[in-house]
Peer 1: 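Shown below is the structure under consideration.
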Amino acid sequence: DITKFGEENSFCTYDYAAVSSEVPGLKQLNLMSIFEYESEGGVTYYGRVSGTKKQVKWNFAPAPGTFDIPAATATNLGIPGYAGGDVKLRYRAVELGNRVTEVDTYSIGFQAGMKGSITGTWDWDLSFDRNTVYKNDLGVSGYGLKEEIVELMKNGDFNPFETGANRGSLASAAYQPWQLSRSENNFTELKFSGELLSTSNGAVGAAIGATHTDEKFSTQVDDLSANGKVFGSAGSNGSGERETKSFYIESIIPLAKSME
């Protein structure tokens with residue numbers, strides 16, 4: 001339906017609430033293995049390996065968006081009240097169907113560490129964790145190319161101002177946008193914990209440690225999405241990295257036998 005912008009606070013009359021409330025389809029598989037080995041020297045070696053595969057299928061209402069119609073094409077579309085010149089059309093591409101997007105996520109992580117005792121009351125622990133996540137977004141259906149849609153209008157194969165089947169088809173303008181993402185998190189920690197002294201209310205405990213975190217992220221989209229040529233979708237390429245170092249001291253002081 002065509003509505004005037006601002007009239008009765010109405011902009012788009014399409015009822016997308018029924019689609020937007022749908023629960024996405026989800027499939028997930030998790031695997032994990034943990035091991036621990038204590039050597040004769042008193043040092044314990046431990047580790048963990050895990051993997052996750054998750055697939056989510058999203059279903060959104062047909063794509064809304066804008067595209068420009070040259071005056072030479074607009075003249076032949078029978079636009080109500082058209083007075084000449086180029087036209088910027090805001091349109092919800094129902095002809096392309098609902099936007100169906102499949103998101104495949106793969107996560108791989110592992111931990112390796114060792115720990116032991118320095119004295120009878122002090123322990124040490126050194127560990128390294130890495131977690132890598134790969135994410136693949138694919139627009140299965142419901143997306144199209146702006147230039148192809150305008151070309152269909154120019155050739156008379158599609159007219160958004162007609163009604164029902166008279167509008168034509170956008171099947172030849174359909175497109176599948178994609179996005180690939182990768183994130184990696186590396187975490188190293190060394191800590192010492194134990195008792196500083198004993199009081200009448202209990203032992204005073206302490207922990208001293210240092211951490212190092214290295215995070216990396218990158219994302220890549222198809223060229224047409226990056227150049228803003230996909231109707232109902234957009235994206236950009238990018239990457240980044242962050243490094244964090246920290247040092248900490250903690251203490252537990254018993255104020256009473258039943259309170260710390």
Side-chain angles (χ1 to χ4, degrees), residues 1-25 56-103 135-181 219-238:
D1 294 333
I2 301 173
T3 61
K4 294 182 180 179
F5 177 70
E7 183 178 297
E8 299 179 355
N9 198 28
S10 176
F11 185 63
C12 178
T13 61
Y14 184 83
D15 182 15
Y16 57 85
V19 178
S20 63
S21 62
E22 289 188 4
V23 177
V56 181
K57 188 174 183 179
W58 296 91
N59 187 23
F60 300 100
T66 64
F67 48 83
D68 298 318
I69 305 175
T73 300
T75 302
N76 302 318
L77 295 179
I79 303 174
Y82 178 66
D86 295 343
V87 174
K88 180 177 286 293
L89 178 64
R90 298 180 183 273
Y91 191 71
R92 187 178 291 274
V94 178
E95 294 76 16
L96 289 172
N98 289 346
R99 286 170 292 169
V100 178
T101 301
E102 291 184 354
V103 182
K135 186 177 179 182
N136 180 17
D137 293 49
L138 176 64
V140 178
S141 60
Y143 301 93
L145 298 178
K146 295 180 181 179
E147 294 180 357
E148 294 295 329
I149 295 175
V150 174
E151 188 67 21
L152 288 172
M153 294 184 198
K154 179 181 177 181
N155 297 334
D157 296 320
F158 179 73
N159 186 344
F161 298 95
E162 288 286 355
T163 58
N166 293 328
R167 287 181 178 175
S169 173
L170 293 179
S172 62
Y175 181 70
Q176 293 186 326
W178 54 265
Q179 176 177 313
L180 300 176
S181 302
T219 182
Q220 180 183 1
V221 300
D222 60 282
D223 292 338
L224 294 177
S225 292
N227 292 317
K229 297 182 179 296
V230 180
F231 188 81
S233 177
S236 61
N237 299 317

Peer 1: Could you check whether any side-chain heavy atom of Pro70 comes within less than 4.5 Å of a side-chain heavy atom of Val150, counting everything from C-beta outward?
Peer 2: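 A side-chain contact under 4.5 Å exists here.
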Peer 1: Using the side-chain contact (heavy atoms from CB on, under 4.5 Å) criterion, which residues pair with Lys154? Sequence neighbours excluded.
Peer 2: Thr73, Glu151
Peer 1: Could you give me the CA-CA distance, side-chain angles and deciding distance for Val230 and Leu145, then say whether side chain to side chain contact (heavy atoms under 4.5 Å, CB included) is met?
Peer 2: CA-CA 5 Å; Val230 180; Leu145 298 178; 4.2 Å; yes
Peer 1: Quick one: does any side-chain atom of Asn159 pair with a main-chain N or O of Arg167 as donor and acceptor, under 3.5 Å?
Peer 2: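 Between the backbone of Arg167 and the side chain of Asn159 there is no qualifying donor-acceptor contact (under 3.5 Å).
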Peer 1: Do the non-hydrogen side-chain atoms of Lys146 and Lys229 ever get within less than 4.5 Å of each other?
Peer 2: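 Answer no - side chains too far apart.
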Peer 1: Is there side-chain contact between Ser172 and Glu148, with heavy atoms separated by less than 4.5 Å?
Peer 2: no
Peer 1: Please list all pairs passing the salt bridge (Lys or Arg N to Asp or Glu O under 4.0 Å) test where one or both residues lie in residues 69-85, with sequence neighbours left out.
Peer 2: none
Peer 1: For Ser225 and Tyr175, test the side chains for any donor-to-acceptor distance below 3.5 angstrom and give the result as yes or no.
Peer 2: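 No, Tyr175 and Ser225 have no side-chain donor paired with an acceptor closer than 3.5 Å.
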Peer 1: Heavy atoms, side chains only, cut-off 4.5 Å: are Asn59 and Asn98 in contact?
Peer 2: yes
Peer 1: Considering only heavy atoms from C-beta outward, does the side chain of Leu138 approach that of Thr101 to under 4.5 Å?
Peer 2: no
Peer 1: Could you check whether any side-chain N or O of Asp222 sits under 3.5 Å from a backbone N or O of Trp178, counting only pairs where one atom can act as donor and the other as acceptor?
Peer 2: yes
Peer 1: By ring pair (Phe, Tyr, Trp, His ring centres under 6.0 Å), which residues pair with Tyr91, not counting sequence neighbours?
Peer 2: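 None.
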Peer 1: Pro64 versus Arg99: any side-chain heavy-atom pair under 4.5 Å?
Peer 2: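 Yes - at least one pair of side-chain heavy atoms lies under 4.5 Å apart.
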